[in-house]
> 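Take a look at the following structure, please.
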Amino acid sequence: MSMPERIKIVDLLNSTETKSLVLLKGWIRTLRESKEFSFIEVNDGSCLANIQVIVDSDIENYTEIVKLTTGASISIQGELIESPGKGQKWEVRAKSIDVLGVAPEDFPLQKKRHTDEYLRTIAHLRPRSNKYSAIFRIRSKLSFAIHQFFQERDFQWIHTPIITGSDCEGAGEMFSVTTLDMNDIPKKNGAVDYEKDFFGKEASLTVSGQLSVETFCLSLGNVYTFGPTFRSENSNTSRHMSEFWMIEPEMAFADLQDDMKLGQEFIQYLVKYTMDECAEDLELFAKFVDKNLMTTLENIVNNDFIRLPYTEAVTILEQSGKKFEFDVAWGKDLQSEHERFLTEEHFKQPVIVYDYPKDIKAFYMRMNDDEKTVAAMDILVPAIGEIIGGSQREERYDVLKKRINDMNFDEADYWWYLDTRKYGTAPHAGFGLGFERLLMLVTGVSNIRDVIPFPRTPKHLEF
RNA sequence: UCCCCGGUAGCUCAGUCGGUAGAGCGGGUGACUGUUAAUCACUAGGUCGGCAGUUCGAGCCUGUCCCGGGGAGCCA
């Protein structure tokens, strides 16, 4: 018989019939040895479950095989049969096994639960564990679901630039991009002479694709970005990273109500998608990471989000009788503890707070008729807090120009942004959703560093 | 950046009043033989985060630095 093609373990486990000859390859998760025959559990990353391989002692390299340890990679040819043992439907009776790569005794992953902190120090090996392989399969599936959601609704995916010369993105501290010799920086009148730099001007990594994507919104209609985003804030929390992925939809001829509707539908779609398409992986999180996970997810999918004007949110907080570390007052931004009270204790479900005081929000948000608030909205979810921040954008040329001047920004920096309002302006709205925060919501994982392959945070650039 | 907690074997942790180091898992060796994080026996394995100090004596007390975690701010 000729060498069969490699079959993935997920396909073996979903098999409906026995197979006389299969070829599978993977990494040993555990090996139970005896003199006459042994059990090897093999995982190839195609699914959470392992397949059990039976090795009879009469195969030629038996003594070599039984000395293998967790982590070794092997190639197995054998027969797929119904398992006579309990606990699994199928198993493979090996005819021959080739060792592809051994794993010496200092292999850092063991057949037991490790802490997330430890696994973070071996981020190159952690996807070989059950929990992390599940996270990264879900991450991949959800990335696809994001495109599917928007493509089904005729949103165009726009690739906004990673390197920006715009110092007006205004969403946080930026990383510089330069080819200047840091040991010999050219100066002009005491300041860095950026004319000598690669782009001939100061350049940075993007903190948001929003301003760029707005120009496409006002031409292609409904658009979105999905890509990496960089912020050099010195944030040391379980919810922030220096490099993360963000989704920013932007809808033409849309107002804040449309924006809130889209935000809710988007989150519900993605949660539902995970429940339907990643059920086996999700079960691991419901069992070992967050016992209430399925209840939380079902609550999100089955109920409309609460829509709450900022002013009413302040009233609720003031009348709650709850002692907060930070005072609640109209005009002040809601603190984490306030947001958590609203979504976790008071409503016990996602809450959309909207119409915030203008002084605590960005210049591009649309001024409401009361001249005191802007058409902004934040979607708050239990355990994470803010997962979406969005707004209807100021489309009125004069009003936008005045806001830019009132905030002492240089109008010249915003010439192309203002142009979009000068020529055929139109109402539009959008939001930003942190992809990793969504993954935290869906999996119950409590530290954002554990839902991205190699986290970048202040003072951490390993791997 | 600020506040709090922690750092002991490869991993997870215990360590009493300050008297010089322990367990489980993992590794090795053997037994068992349809197991399921198998089980049983034996065995190897330590700069107690670094440096300085107090003390006859420090894993334990003091100072300082490094690292990790939780919370806050900034936000997604």
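For clarity, every value in this text was computed on a predicted model and none was experimentally measured. Chain naming here is simple, since letters A, B, ... match the order of the sequence lines and numbering starts at 1 in each.
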> Please classify the nucleic acid contact of A:Glu325 as base, sugar-phosphate, or nothing, using heavy-atom distances under 4.0 Å.
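No contact.
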> Roughly, in whole Å, what's the span from CZ in A:Phe230 to C1' in B:A76?
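After rounding, the reported distance stands at 14 Å.
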> In which ranges does RNA chain B form stems of 3 or more consecutive Watson-Crick or G-U pairs, distances under 3.5 Å?
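B:1-7 with B:66-72, B:10-13 with B:22-25, B:27-31 with B:39-43, B:49-53 with B:61-65 - these are the stems of 3 or more pairs that involve RNA chain B.
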> Counting only heavy atoms and a strict 4.0 angstrom limit, can you tell me which residues of residues 435-450 of chain A come near RNA chain B?
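The stretch gives A:Arg437, A:Asn447, A:Ile448, A:Arg449 as the residues lying under 4.0 Å from the strand, ordered by number.
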> Classify the nucleic acid contact of A:Glu33 as base, sugar-phosphate or nothing, counting any heavy atom under 4.0 Å across all strands shown.
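If one applies the 4.0 Å heavy-atom cut-off, A:Glu33 turns out to touch a base.
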> Do A:Lys111 and A:Thr70 have side-chain N/O donor and acceptor atoms under 3.5 Å apart?
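Side-chain D/A pair, A:Lys111 to A:Thr70: absent.
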> Would the base of B:C75 count as contacting A:Ser235 through its side chain, where contact means a donor and an acceptor less than 3.5 Å apart?
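It does not, because no donor-acceptor pair links the side chain of A:Ser235 to the base of B:C75 below 3.5 Å.
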> Name all residues meeting the ring-ring contact (aromatic ring centres under 6.0 Å, His included) criterion together with A:Tyr62; count only those two or more places apart in sequence or in a different chain, and write none if there are none.
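Once residues adjacent in sequence are excluded, A:Tyr62 has no partner under the ring-ring contact (aromatic ring centres under 6.0 Å, His included) criterion.
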> Could I get the full list of ring-ring contact (aromatic ring centres under 6.0 Å, His included) partners for A:Phe266, not counting sequence neighbours?
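For A:Phe266, the residues satisfying ring-ring contact (aromatic ring centres under 6.0 Å, His included) (neighbours in sequence not counted) are A:Phe149, A:Phe150.
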> Under 4.0 Å between a Lys/Arg side-chain N and an Asp/Glu carboxylate O for A:Asp259 and A:Arg393?
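Looking at A:Arg393 together with A:Asp259, the answer is no, because their closest N to O distance does not fall below 4.0 Å.
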> What's A:Ile247 touching, base or sugar-phosphate or nothing? Going by heavy atoms closer than 4.0 Å.
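The answer is nothing, as A:Ile247 stays clear of every strand by at least 4.0 Å.
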> Please work out if A:Arg120 contacts a base, only the sugar-phosphate, or nothing of the nucleic acid, heavy-atom cut-off 4.0 Å.
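Since only primed, P, OP1 and OP2 atoms lie under 4.0 Å of A:Arg120, the category is sugar-phosphate.
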> Could you write nucleotides 2-12 of chain B as a row of B, S and -, 5' to 3', where a protein heavy atom under 4.0 Å of any base atom gives B, of only sugar-phosphate atoms gives S, and otherwise -?
--------BBS
> Looking across every strand, which nucleic acid part, if any, lies under 4.0 Å from A:Glu91 by heavy atom: base, sugar-phosphate, or nothing?
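A:Glu91: base contact, heavy atoms under 4.0 Å.
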> Categorize A:Ser238 for me: base, sugar-phosphate, or nothing, with a 4.0 angstrom heavy-atom threshold over every strand shown.
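Sugar-phosphate, backbone atoms only, no base.
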> With heavy atoms under 4.0 Å as the rule, sort A:Gln52 into base, sugar-phosphate or nothing.
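Base contact - A:Gln52 has a heavy atom under 4.0 Å of at least one base atom.
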> Rounded to whole angstroms, how far apart are CD1 on A:Ile452 and P on B:A76?
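From A:Ile452 CD1 to B:A76 P: 16 Å.
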> Of A:Leu31 and A:Gln88, whose nearest nucleotide on RNA chain B comes first from the 5' end?
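Checking each residue's closest nucleotide, the 5'-ward one belongs to A:Gln88.
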> If I take atom CD in residue A:Glu386 and atom P in nucleotide B:A72, what distance separates them, rounded to the nearest angstrom?
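Taking CD of A:Glu386 and P of B:A72, I get 14 Å after rounding.
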> Check side chain to side chain donor-acceptor pair (under 3.5 Å) between A:Thr420 and all other residues, then give those that pass, not counting sequence neighbours.
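A:Thr420 satisfies side chain to side chain donor-acceptor pair (under 3.5 Å) with no other residue.
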